[in-house]
Amino acid sequence: QVQLVESGGGLVQPGGSLTLSCVVSGDMLSRYVVRWYRQTPGNERELVGVSFRDGSTLYGQAVEGRFTLSRDNAKNTVYLQLKGLSPADTAVYYCNEPPNTWGPGTEVTVSA
């Protein structure tokens, strides 16, 4: 069974950048679509982006042009590069192998 673990979250100032990682274990990443979501307390999870098997990507409207997805199949890792961060990007970020496999999440806090 595939397992996912996120890392790379932390505290960053407005305008800053972070790169999150999602390591896939238990199978080859190349076989899977991986989605990133984010969630703040009291709100539903919001789709951040999708990394498809062929390397193509799709982004949520709120992050289009600021966040970039990439994958390294040799390392079984999907990366989410966050740029131009604002306090509105503060959330726990999760990776997901559809439909029901989730990582534990990594927290991103954007604050001065």
Side-chain angles (χ1 to χ4, degrees):
Q1 183 176 349
V2 170
Q3 294 182 322
L4 309 175
V5 178
E6 307 91 338
S7 64
L11 174 64
V12 61
Q13 293 187 341
S17 301
L18 278 177
T19 297
L20 309 182
S21 300
C22 173
V23 176
V24 177
S25 61
D27 205 341
M28 297 170 61
L29 171 62
S30 57
R31 296 182 177 180
Y32 294 97
V33 173
V34 173
R35 299 174 178 171
W36 281 90
Y37 287 82
R38 65 186 183 183
Q39 189 173 27
T40 54
N43 293 307
E44 294 186 356
R45 289 183 180 178
E46 173 190 20
L47 180 66
V48 173
V50 185
S51 171
F52 295 97
R53 287 185 290 266
D54 64 356
S56 62
T57 55
L58 178 150
Y59 298 96
Q61 188 174 8
V63 306
E64 181 86 50
R66 298 188 298 122
F67 291 8
T68 303
L69 279 165
S70 61
R71 60 166 60 198
D72 185 337
N73 287 335
K75 295 183 178 180
N76 259 27
T77 301
V78 177
Y79 301 99
L80 177 65
Q81 186 177 36
L82 293 64
K83 292 184 176 179
L85 288 164
S86 75
D89 296 311
T90 295
V92 179
Y93 285 72
Y94 299 90
C95 58
N96 162 254
E97 185 272 306
N100 294 320
T101 301
W102 294 87
T106 187
E107 187 167 5
V108 173
T109 303
V110 185
S111 175

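In this chain, numbering begins with 1 at the start of the sequence shown.
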Query raised in the report: Distance only, no hydrogens: is a donor on one side chain within 3.5 Å (strictly under) of an acceptor on the other, for Tyr37 and Asn96?
Result: no

Report summary line: Rounded to the nearest 0.5 Å, the CD atom of Gln13 sits from the OG atom of Ser86 at a distance of 14.0 Å

**Report entry** pair Asn73-Tyr32: side-chain heavy atoms closer than 4.5 Å
**Finding:** no

**Report entry** CG on Leu80 to OG1 on Thr19, rounded to 0.5 Å
**Finding:** 8.0 Å

Report task. Sort out for me which residue in Thr90, Asn43, Asp89 forms a side-chain hydrogen bond (donor to acceptor under 3.5 Å, both in side chains) with Arg38. Result -> Asp89

Query - Taking every non-hydrogen atom, the tightest pair across Thr101 and Val2 - result: CG2-O, 3.4 Å

Report task. Check Cys95 against Val34 and note the closest heavy-atom contact, atom names and distance. Result -> CB-CG1, 4.1 Å

Query - Atom pair OG (Ser17) and CZ (Arg66), whose distance is rounded to the nearest 0.5 Å - result: 10.5 Å

Query - Close side-chain approach of Gln81 and Ser70, heavy atoms under 4.5 Å - result: no

Query - Minimal non-hydrogen separation, Arg71 against Arg53, with atom names - result: NH1-CA, 3.9 Å

Query raised in the report: Would a 4.5 Å heavy-atom cut-off, applied to side chains only, mark Thr109 and Glu107 as touching?
Result: yes

Report summary line: Distance col, row Phe52:CZ vs Arg35:CZ, nearest 0.5 angstrom, shows 7.5 Å

Query raised in the report: Taking C-beta and beyond as the side chain, do Glu97 and Leu4 meet within less than 4.5 Å on heavy atoms?
Result: yes

Query raised in the report: Among Val50, Val48, Thr68, which residue meets the side chain to side chain contact (heavy atoms under 4.5 Å, CB included) test with Tyr59?
Result: Thr68

Query - Separation of Glu6 CD from Leu20 CG (nearest 0.5 Å) - result: 8.5 Å

Requested in this report: Treating Ile, Leu, Val, Met, Phe, Trp and Tyr as nodes and any side-chain heavy-atom pair under 4.5 angstrom as an edge, say whether Phe67 and Val12 lie in one connected cluster.
Outcome: yes

Query raised in the report: Do Ser111 and Leu11 touch side chain to side chain, with heavy atoms closer than 4.5 Å?
Result: yes

Requested in this report: May I ask whether Val5 and Trp36 are part of the same hydrophobic cluster, defined by side-chain heavy atoms of I, L, V, M, F, W, Y residues being less than 4.5 angstrom apart, directly or through others?
Outcome: no

Report summary line: Smallest heavy-atom separation, Thr40 atom then Ala91 atom, equals CG2-CB, 3.8 Å

Requested in this report: Search all heavy atoms of Ser51 against all heavy atoms of Val78 and return the closest pair with its distance.
Outcome: CB-CG1, 4.1 Å

**Report entry** Rounded distance [0.5 Å steps], CG in Asn76 versus SG in Cys22
**Finding:** 10.0 Å

Query raised in the report: Is there a chain of hydrophobic side chains (I, L, V, M, F, W, Y, each step under 4.5 Å between heavy atoms) that links Val33 to Leu69?
Result: no

Requested in this report: Look at the aromatic rings of Trp102 and Tyr94 and report parallel, tilted or perpendicular, splitting at 30° and 60°.
Outcome: perpendicular

